Protein chains: 2
Amino acid sequence: MQFDDKVPIYYQIKQYVYQQIITGKWQPGTQLPAVRQLAVELTVNVNTVQRALRELIAAQILISKRGKGNFVTTDQTTLATLADQLVQDRLGAVYDDLRALNLTDQQIITAMQTYIEKRGRQDEHDFND
Amino acid sequence: MQFDDKVPIYYQIKQYVYQQIITGKWQPGTQLPAVRQLAVELTVNVNTVQRALRELIAAQILISKRGKGNFVTTDQTTLATLADQLVQDRLGAVYDDLRALNLTDQQIITAMQTYIEKRGRQDEHDFND
DNA sequence: ATGAGTGTAATAGATAACTATAACACTAGG
DNA sequence: CCTAGTGTTATAGTTATCTATTACACTCAT
């Protein structure tokens with residue numbers, strides 16, 4: 001996995017776990033890959049994986065069973081809130097940034113639409129290459 | 001200034017300088033505050049300011065005149081490109097993130113519109129408090 | 001009981017970022 | 001010439017992150 005060296009790896013691993021859960025790759029209640037296995041897959045140290053998981057366990061996103069493994073929570077409320085929270089946080093961050101660059105609300109929406117249209121054409125083009 | 005401890009301060013200072021320029025607070029050709037002054041304003045060390053400025057100078061965004069000061073470039077092309085580049089990079093980042101969270105293009109646009117509407121109401125409410 | 005597979009934790013060393021401090025280089029005005 | 005104001009650089013010490021390694025704690029099948 002490619003990490004952005006501007007932000008701590010353990011922090012990016014947390015985001016990675018969120019994505020696996022929200023996209024359904026790791027279903028509620030299912031067991032995660034072993035920490036040593038995750039460390040190999042992410043080409044990272046076990047301690048770094050553990051640091052990320054520790055915070056997710058504290059947040060009840062994951063359930064840790066010593067000697068057995070780590071599991072995705074089955075608490076539907078937690079999972080539903082998580083997905084919405086991640087999206088809202090992301091939107092809030094980009095909104096603040098673009099406002100700080102002097103864009104109006106309408107310009108932000110238009111810029112996003114234009115970006116997606118352009119991006120769609122590019123992806124299609126790349127696909128046909 | 002409040003910094004996010006998840007990303008290097010010198011990197012955030014670069015973003016700060018971009019904002020000052022793009023929002024017109026620092027006009028093309030004008031002199032920046034002295035590095036020691038900036039360090040005080042940002043409550044940061046001179047070396048950290050200098051590290052940020054060094055990269056901006058290398059990118060020709062700023063012009064350094066030893067013994068005189070640092071100045072915003074007057075190259076209109078550079079400035080126009082810069083503003084557009086920052087917006088596009090920001091949009092690209094949030095787009096990738098939201099796609100990774102399984103949102104469709106249309107859902108991204110809708111979520112952004114909804115967020116801005118909600119945010120607008122909240123700001124208005126806060127303002128009247 | 002033993003061993004394989006799991007999570008958890010501690011140590012020591014490396015590196016990057018940041019700080020405080022000092023020094024050096026250049027410009028302009030008196 | 002000298003001084004104040006500017007950018008630039010270097011050193012040393014601190015902290016956070018990450019790594020490698022080792023050890024410990026628990027579960028389960030045999």
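So that the names make sense, note that chain A is the first sequence line, chain B the second, and so on, each numbered from 1. These figures come from a predicted structure and were not determined experimentally.
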Task: CA sep, side-chain torsions, deciding dist, call: B:Leu103, A:Val87, side-chain contact (heavy atoms from CB on, under 4.5 Å) - done: CA-CA 9 Å; B:Leu103 271 66; A:Val87 172; 4.1 Å; yes

Starting at atom [atom1] of [X], determine the distance to atom [atom2] of [N], rounded to an integer number of angstrom.
X       : N      : atom1 : atom2 : answer
B:Lys65 : C:dC26 : NZ    : C1'   : 14 Å
A:Lys6  : C:dC18 : NZ    : P     : 11 Å
B:Gln50 : C:dA23 : CD    : P     : 19 Å
A:Leu38 : C:dT6  : CG    : C1'   : 12 Å
A:Gln37 : C:dG7  : CD    : P     : 10 Å

Open item on the list: Exactly one of A:Val35, A:Leu56, A:Ile63 should register a side-chain contact (heavy atoms from CB on, under 4.5 Å) with A:Asn70. Which one does?
Closed with: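 Going through the options one by one, the only one that passes is A:Val35.
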
TODO: Could you check A:Val46 against A:Lys68 and say which one's nearest nucleotide on DNA chain D is further toward the 5' end?
DONE: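 The residue mapped nearer the 5' terminus is A:Val46.
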
Are [X] and [Y] side-chain neighbours, meaning at least one heavy-atom pair lies under 4.5 Å?
X        : Y       : result
B:Arg119 : A:Asp96 : yes
A:Glu41  : A:Met1  : no
A:Trp26  : A:Pro33 : yes

Open item on the list: Below the 4.0 Å mark, does C:dT8 have OP1 or OP2 next to a side-chain nitrogen or oxygen of A:Ser64?
Closed with: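 So the side chain of A:Ser64 is within the cut-off, an N or O lying under 4.0 Å from OP1 or OP2 of C:dT8.
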
Open item on the list: Looking at B:Asn47, I'd like to know whether one of its side-chain N or O atoms comes within less than 4.0 Å of OP1 or OP2 on C:dT19.
Closed with: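 For B:Asn47, the contact criterion (side-chain N or O under 4.0 Å from OP1 or OP2 of C:dT19) is not met.
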
Open item on the list: Reading DNA chain D in the 5' to 3' direction, which nucleotide is the first one with an atom under 4.0 Å from a heavy atom of chain A, and which is the last?
Closed with: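 Using the under 4.0 Å cut-off, the span is D:dT17 to D:dC28.
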
Open item on the list: Heavy-atom nearest nucleotide on DNA chain C for A:Ile57 versus A:Gly67: which residue maps closer to 5'?
Closed with: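 The residue mapped nearer the 5' terminus is A:Gly67.
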
TODO: Nearest-nucleotide wise, let me know which of A:Asn45 and A:Arg66 is further upstream toward the 5' end of DNA chain C.
DONE: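 The 5'-side residue here is A:Arg66.
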
- [ ] Enter the distance from A:Ile21:CD1 to A:Tyr16:OH here, rounded to the nearest 0.5 Å.
- [x]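 That separation rounds to 11.0 Å.
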
Open item on the list: By the 4.0 Å heavy-atom rule, please label A:Arg36 as base, sugar-phosphate, or nothing.
Closed with: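 Base contact - A:Arg36 has a heavy atom under 4.0 Å of at least one base atom.
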
Task: N-O pairing of B:Asp105 and B:Arg99 below 4.0 Å - done: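 Salt bridge between B:Asp105 and B:Arg99, a charged N being under 4.0 Å from a carboxylate O: yes.
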
